[in-house]
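Computed from a predicted model, the values in this text were never measured in an experiment. Each chain gets a letter, A, B and so on, in the order the sequences are listed, and its residues count up from 1.
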Number of protein chains: 2
Amino acid sequence: MNQTTNKRIQQKQQTALLILDAAKKLFAEQGFENTTTRSIATEAGVGIGTVFAHYPDKITLLGQALRGEIGQVVENSLKILGQHQEFTEQLVHLSVGLMAYYIKNQSLARELIKYATFQKGPEAAAFNEQMTNFALVASGIIEQAVKKGVLDSQVQVSTMTKNYMAIHFFVVGQCLRLDAPQLEEQTTQLREMVQALFTGYCLRGKSLP
Amino acid sequence: MNQTTNKRIQQKQQTALLILDAAKKLFAEQGFENTTTRSIATEAGVGIGTVFAHYPDKITLLGQALRGEIGQVVENSLKILGQHQEFTEQLVHLSVGLMAYYIKNQSLARELIKYATFQKGPEAAAFNEQMTNFALVASGIIEQAVKKGVLDSQVQVSTMTKNYMAIHFFVVGQCLRLDAPQLEEQTTQLREMVQALFTGYCLRGKSLP
DNA sequence: TTGTTTCATTGAGCACGCTCAGTGAGTATA
DNA sequence: TATACTCACTGAGCGTGCTCAATGAAACAA
């Protein structure tokens with residue numbers, strides 16, 4: 001029963017992959033807007049109807065194409081978080097990974113985030129869940145700093161986390177919007193803003209470089 | 001020469017107004033996506049081609065429809081800025097006007113800002129110029145606070161301004177994204193974030209309420 | 001095997017935003 | 001007045017993203 005039924009399911013899964021691979025290739029080669037769903041279907045060797053039988057719309061295809069990579073980028077950032085001692089540098093590092101990815105894939109990332117930020121739907125929900133996790137990590141870093149006595153204990157961790165996320169989105173927005181953003185410049189700006197946010201609450205006499 | 005030429009020019013200007021008025025009406029009644037350019041043409045009593053002879057694309061029509069109102073809102077906010085003594089309250093007040101407008105016109109404003117934030121073109125440029133002016137006002141408020149000795153003179157005004165703008169965009173983003181945002185809640189969050197940003201640098205013993 | 005049901009696949013077709021060659025009234029020139 | 005030119009206006013038509021009734025192969029039932 002299972003073995004026989006599998007034939008259809010396997011076929012379906014493979015078709016879905018074929019379409020996704022074609023989409024990835026064409027998006028990378030021609031950009032999002034310049035790639036037509038018809039050309040994706042042709043590249044994948046299926047009819048247009050099949051494309052939309054597997055993915056509800058074009059933006060979902062882009063989301064599926066980028067989601068894995070973005071998750072990977074965040075994961076990598078998390079792995080080497082511990083290398084930094086200053087919690088502000090940990091926060092900076094957390095954002096820089098994504099910033100670098102967004103700069104490298106500016107036009108595709110811009111399209112996805114434009115959608116995810118302002119629209120509703122499963123694709124936006126999935127993306128925003130990733131961002132919620134991201135905020136949780138930031139919150140943990142700030143909480144640790146308070147517990148270690150590096151930060152004044154009267155700060156509201158939740159409010160500071162929101163402030164950090166605001167900075168993150170602000171700088172990420174610039175990475176997506178500017179004409180030829182330089183990672184170094186944007187990182188410097190990010191660092192300045194994060195330090196400005198926290199320096200007033202730092203207890204030990206750590207000075208800015 | 002002028003008088004006779006005016007006939008054409010006047011006719012053209014009136015046609016443009018007719019189209020813009022029709023667009024305003026239909027956008028308000030049916031939303032941006034649900035309003036077709038054809039229906040705007042019909043409502044205005046002109047052909048579709050005429051619509052695009054006057055406005056390069058649909059989003060420009062929305063921009064023209066909202067730009068005036070948004071400018072008005074900012075102007076009104078500026079007029080009563082002086083009523084607040086605490087500079088943090090001045091900053092909060094600066095944002096609240098726009099937030100209220102965005103909540104009231106959520107779906108249309110979202111569409112315009114989605115475009116202006118991530119796309120290029122004259123419409124986006126015009127909107128971003130408004131935002132640059134907005135940032136200049138904020139910068140002035142912060143600079144004043146430093147000069148008055150309310151803020152530690154070692155703060156970088158430019159960096160703090162960026163931090164404030166980050167908060168502004170963050171909260172405005174929520175006003176545009178959430179399902180039924182409450183102005184009071186969003187204002188409270190904005191105030192918390194602004195106070196958290198500056199409290200560490202405040203010289204006088206002004207306490208939070 | 002034969003009949004029945006499920007469901008992945010298909011492409012003609014729809015509605016949309018936007019284009020562009022053609023039209024004719026308005027304007028300047030003789 | 002007669003003629004040439006300008007330019008606001010027009011809608012048929014194009015290329016999109018996406019839909020949906022129809023098709024037929026795979027899966028199950030007899």
Calculate the interatomic distance between [X] atom [atom1] and [N] atom [atom2]; express it in whole Å.
X: Q13(B); N: dC9(D); atom1: CD; atom2: C1'; value: 16 Å
X: Y55(A); N: dA8(C); atom1: OH; atom2: P; value: 14 Å
X: L62(A); N: dG17(D); atom1: CG; atom2: P; value: 13 Å
X: E123(A); N: dC18(D); atom1: CD; atom2: P; value: 12 Å
X: Q11(B); N: dC9(D); atom1: CD; atom2: P; value: 6 Å
X: E33(B); N: dG17(C); atom1: CD; atom2: P; value: 9 Å
X: K58(A); N: dC16(C); atom1: NZ; atom2: C1'; value: 14 Å
X: F52(B); N: dG15(D); atom1: CZ; atom2: P; value: 17 Å

Checklist entry - Between Q119(B) and K114(A), is any pair of side-chain heavy atoms under 4.5 Å apart? => result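 In short, these two side chains touch, coming nearer than 4.5 Å.
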Checklist entry - Side-chain contact, heavy-atom cut-off 4.5 Å: T15(B) with H54(B)? => result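 Side-chain contact under 4.5 Å: yes.
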Checklist entry - Just checking T35(A): base, sugar-phosphate only, or nothing, at a heavy-atom cut-off of under 4.0 Å? => result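 Touches sugar-phosphate only.
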Checklist entry - Hey, does G49(A) reach any base, or is it just sugar-phosphate, or nothing, if we go heavy atoms under 4.0 Å? => result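 Counting heavy atoms under 4.0 Å across all strands, the contact made by G49(A) includes a base.
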Item to check | Closest to side chain of V46(B), choosing from dC18(C), dT10(D), dT16(D) | outcome: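 Nearest to the side chain of V46(B) among the choices is dT10(D).
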Checklist entry - Side chain of R8(B): nearest nucleotide among dT10(C), dC18(D), dT27(C)? => result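 Given the options dT10(C), dC18(D), dT27(C), the side chain of R8(B) is closest to dT27(C).
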Next on the checklist: Using a 6.0 Å cut-off, check whether atom NZ of K104(B) has over 12 heavy atoms from anything other than its own residue.
Outcome noted: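 12 or below, so no.
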Checklist entry - If each of P56(B) and A53(A) is mapped to the nucleotide of DNA chain C with the nearest heavy atom, which maps nearer the 5' terminus, i.e. the 5' end? => result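 On the 5' side of the pair lies A53(A).
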Is the distance from OP1 or OP2 of [N] to the nearest side-chain N or O of [X] less than 4.0 Å?
X: T15(A); N: dT9(C); result: yes
X: K7(B); N: dG26(C); result: no
X: T50(B); N: dT10(D); result: yes

Checklist entry - Between F87(A) and F198(A), does the ring centroid distance fall short of 6.0 Å? => result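 When the ring centroids of F87(A) and F198(A) are compared, they turn out to be within the sub-6.0 Å range.
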Checklist entry - For DNA chain D, whose closest nucleotide is more 5', that of I59(A) or that of I48(B)? => result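 Result of the comparison: I48(B).
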Next on the checklist: Please evaluate residues L66(A) and L108(A) with respect to the criterion side chain to side chain contact (heavy atoms under 4.5 Å, CB included), reporting the C-alpha separation (whole Å), side-chain torsions for both, the decisive distance (0.1 Å), and the verdict.
Outcome noted: CA-CA 8 Å; L66(A) 297 190; L108(A) 291 183; 4.2 Å; yes
Item to check | Base dG15(D) paired with R38(A) side chain (donor-acceptor, <3.5 Å) | outcome: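 Between dG15(D) and R38(A), which were checked side chain against base, a qualifying N/O pair under 3.5 Å is absent.
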